[in-house]
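What follows is one structure encoded as structure tokens, with my remarks underneath.
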Amino acid sequence: MLRTFRIGGIHPPENKLSAGKKITALAVPTQVVIPLSQHIGAPAQAVVKKGDTVKVGTLLGKAGGFVSANIHSSVSGKVNKIDDALDASGYKRPAVYIDVEGDEWEEQIDRSETLNKVCNLSSKEIITKIAEAGIVGLGGATFPTQVKLTPPPGTNAEILIINAAECEPYLTADHSLMMEKGAEILTGITILMKAINVKKAVIGIESNKPDAISLFKHMIVHFEGIEIMPLKVQYPQGGEKQLIDAVIGTQVKSGALPISVGAVVQNTGTAFAVYEAVQKNKPLIERVVTVTGKNVANPSNFLVRIGTPISSLIAAAGGIPENTEKIIGGGPMMGKALVSTEIPVTKGSSGVLLISNKEAVRKPMRNCIRCSKCITVCPMGLNPTLLMNTSEFRNWDLAEKNYIVDCIECGSCSYTCPANRPLLDYIRLGKGKVMGIIRARKS
Amino acid sequence: MENKLVISPSPHIHSGDSIPKNMYGVLIALIPSFLVALYYFGLGALVVTLTSVISCVAIEYVIQKYMMKQEPTIYDGSAILTGVLLAFNLPSNLPIWIIVLGAFAAIGIGKMSFGGLGNNIFNPALVGRVFLLISFPAQMTTWPLPGKLPLTYTDGNTGATILSLLKEGASNLPSYPDMLLGNLSGSLGEVSAIALLSGMAYLLYRKIITWHIPVSILTAVFVITGIMYLADPVTYAHPLVHLLTGGLLLGAIFMATDYVTSPMSTKGMLVFGVGIGVLTSVIRLFGSYPEGMSFAILIMNAFTPLINTYFKPKHFGGI
Amino acid sequence: MLLFAIIVLGGIGIVSSILLYLTSKKFEVYEDPLIAQVQEVLPAANCGGCGYPGCSGFASACVNAESLDDLLCPVGGREVMGKVAAILGKDAGTTEPMIAVVHCNGNCEARPRTNHYNGVNNCTIASALYGGETGCTYGCLGFGDCVTACTFGAILINPVTGLPEIDEDKCTSCGACVKACPKSLIELRKKGPKSRRIYVSCANKDKGGVARKACTNACIGCSKCEKECPFEAITITNNLAYIDYRKCRLCRKCVPICPTKAIHKLNFPPKKEAAAGSKETEKELI
């Protein structure tokens, strides 16, 4: 019996169309738009101005607070302007426009392919290097990595859990990275273990990636303290709390951080980025993005410079199929529908999914028949239909008492509901309101 | 891009599950019982079921269209299901006008007066049945004897059910194979245990219901009647007789598990099921009615909101 | 038999009434009778627009307050406050009546759609998701959170323009819509003499060109009105003009000068000269 998390969960069709496709580097576009806010927390402060010449890896924005991240140029060329640009959030936010000229890299970046396994830096030096490189959680949450690696005083990390679940249907970015950069990822994990001073790391991976599992089983013998744990395919296994429950069998309490059970969770992509930042001095300027969809001609995994418009990714994968109705940044369960094809790739873009009008349809909602299927699938053990009602009728007290803030917005409830009720839409609304109320009460 | 992109909140895919799928799923699970009813009660079973279904659907359509001024939703199968379940709880020789009255009570009073599907407190089919049981006790408690594809409807020989025989202290009960197959008199859908259990297997396989409610009801009835049987085997019947006769299986599998009127958390479902089991046993063993399933379910339906308040789903990390 | 029943029932009645009387005496809560009198003249809408929990809360605040200057029932307005003042023997306050004003004129014609929203018709949910169905991320979404919030039926979405319209007679300036709008498009402004008022009907903070491209009725922040205004009532911040209703004297000089007609005037009698003038200025600008 494979392990998995113990409450709820669903199993949507996996549709991993781009699995097994090699990562191909996408050509550098003629202009990139690099948003200054690609992470959770304060936006970065621009340190370049119009007309400046930049190289690949030049710092564009400095972290604007404790929870923030540096932003680097992903191309070489001239800063065209610093202006608002529409990004995946659906709003206009400040971004740096760079006209590409050549492909010149900052000198300290080591561009060789040789594996550099030895790292003699101290924990503090590693974390500083990670912060400088602007690394954020690459699974999609984009939480600045250096913050996560600095446990709050009084807590102690015991285990590093690497999230290789990739539970979202369609996405294969992490999977393809594991197949091609296994040694680098494992070195990155060793560095992360050193940074938080733990002796044990477990890679949690869903059993639908047997090739990656067997590859890693062979490779981990060369690395100390790393284990690989195949998990039963179940969405949302990649949720931080769910993964901890699946791997070490402990449930993080409501409102608590994973560190309260001694766990630090990092994504596979992040581990690779950490390797590149620490061993090769390369800031986070490119990432693997899956471009997929049932009607896409060539579902692929691309290595893309940050700031590339998604239209060039789609073009490289065979263009927009005729009946496309939605373009989603991320996977079908938690991704965001994008407003235009000119939206740039950011640090958090794990995939671009093109969905046809057949798949995208939202059927009209009916009365709740209290079938309790949403309760059965909720991985946080909540009562989604009750929470939707509390939100709809603005009963924030009741919502708070029923743990609305614990919702991880995985969408399992809306996915399952036979009455097509927009459960998550309302819960998200209520969660925001209740979090605001709680914040106001504290201050 | 000529077509404008569609923007909507996540998730962007749906399981494809729907209310009609669930309702028709239950109807499929009822087919074996219906076939058994056709075999033993013949034309009567067909007439009663058709009358009940047609009148339930028609009443729901009229109320939605002309009284509530809504788009009628009769295609979702819930009115059909109520009709079939109501029919399965009736003797196969019931006059048509009584069935129509029952359908009116079920849909009009039991369902639409609360606001339609999803808002009713009580199981509509049982509201209809209990309404008829109280209003027409004579017609509702004369069951035709099972035959082999009889073509009669209202005429024919009638007999008492096992449970009423038990109430009168009789000892010559039908054999267990007859109980399993349904070769005994009773409401048309409740007679065959095998047909009902195969329906339950289908429902569990399709994940339309979970095991909690039926199993807890059956366990509770088995335990209580078992204790009484051990205490006094002469007065009280064997627990297996209780499990296999009357409306217990039909109620436990198809009526108590009605989504709308049953609790939502698994703990709540178990409490609900045990409550029904206890009440049924008490009414059967000590009450004046031979059968208590309908009353037990309706009483526990009334407790469902309370159960939902006190038995919440197990919260992640809230150990 | 009948007599017995009468005696028993009558007895129960008498005993219970005595019990009730005693309990009500014992647990009596003293309330200033003035509060009840004031509450009598209040509209009993319990909208909370005055800032107090319901009409009874407002009534007790009126009774306990030194003066009525800062107290205003937005629903009843001057009239009701006069009555309250008469009951309490205090001077009625001088708070001016206000009215809700929508700062968006991006109707369907002016603001072409760039995408299609397919979700719950709820502005808060849509705005948490993205900027909206048009190129303007500041404008009205048109799903009517304000309509739901209004307990007086004073706001309705005009099906032609897709924008909320305020019924001047029904609006009580309770402020529920102001709180409900996730885009903060609704403002309570001075109702003005004879309901005449001037305001900028736009909330777009983008640069002129971008705003104009998204919506032909947008304020482009050209600052013509700022220069024109003799009373310094107009300020431009973040490419958006704002008319301070405390300073505005309703001279209407800014109205014809606006190149995108983003400045609206309401309830003014037609002015022949100004109308001709405005056309000319418009031609010059184009």
Side-chain angles (χ1 to χ4, degrees), chain B residues 1-24 60-61 63-78 111-121 207-208 259-261 263-265 305 308-309 312-313 315-318, chain C residues 104 106-149 153 156-157 159-163 180-183 185 203-204 206 210-218:
Chain B
M1 265 303 275
E2 273 176 58
N3 290 338
K4 283 168 195 146
L5 287 175
V6 172
I7 309 293
S8 65
S10 66
H12 304 283
I13 49 175
H14 191 266
S15 61
D17 197 2
S18 67
I19 296 177
K21 269 192 187 168
N22 284 294
M23 297 297 170
Y24 291 117
E60 174 151 328
Y61 181 85
I63 291 178
Q64 280 193 318
K65 178 114 185 174
Y66 299 104
M67 286 176 71
M68 297 168 80
K69 314 266 179 217
Q70 293 174 343
E71 191 60 30
T73 53
I74 49 166
Y75 303 107
D76 66 14
S78 68
K111 186 173 169 193
M112 302 319 282
S113 64
F114 291 97
L117 182 67
N119 298 325
N120 47 311
I121 300 171
K207 292 188 180 160
I208 292 172
Y259 284 149
V260 183
T261 53
M264 313 225 286
S265 68
N308 276 337
T309 316
K312 298 211 163 125
H315 176 239
F316 188 96
Chain C
C104 179
N107 54 36
C108 304
E109 235 169 73
R111 212 159 44 130
R113 292 198 170 187
T114 54
N115 61 73
H116 176 71
Y117 175 74
N118 178 16
V120 186
N121 276 357
N122 180 304
C123 304
T124 320
I125 289 174
S127 77
L129 183 66
Y130 75 129
E133 288 180 298
T134 65
C136 172
T137 55
Y138 300 91
C140 177
L141 296 166
F143 300 125
D145 275 17
C146 48
V147 178
T148 335
L156 283 178
I157 301 277
V160 181
T161 59
L163 295 170
C181 180
K183 299 269 184 190
L185 292 176
N204 193 313
D206 283 333
V210 181
R212 182 75 192 249
K213 204 177 158 196
C215 173
T216 52
N217 290 347

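Because the structure is predicted, anything quoted here is derived from the model rather than measured. Each chain gets a letter, A, B and so on, in the order the sequences are listed, and its residues count up from 1.
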**Q.** Non-hydrogen atoms of C/G119 and B/P9 that approach each other most closely
**A.** CA-CD, 4.3 Å
Q) Among pairs that include at least one residue of residues 118-132 of chain C, which meet salt bridge (Lys or Arg N to Asp or Glu O under 4.0 Å), considering only residues two or more places apart or in two chains? A) none
Q.
For B/M68, I'd like to know if atom CE has over 12 heavy atoms of other residues, nucleotides or ligands within 6.0 Å.
A. yes
Any idea which donor-acceptor pairs are under 3.5 Å between chain B and chain C?
from	atom 1	to	atom 2	distance (Å)
B/L5	O	C/H116	N	2.7
B/I7	N	C/H116	O	2.7
B/I7	O	C/N118	N	2.8

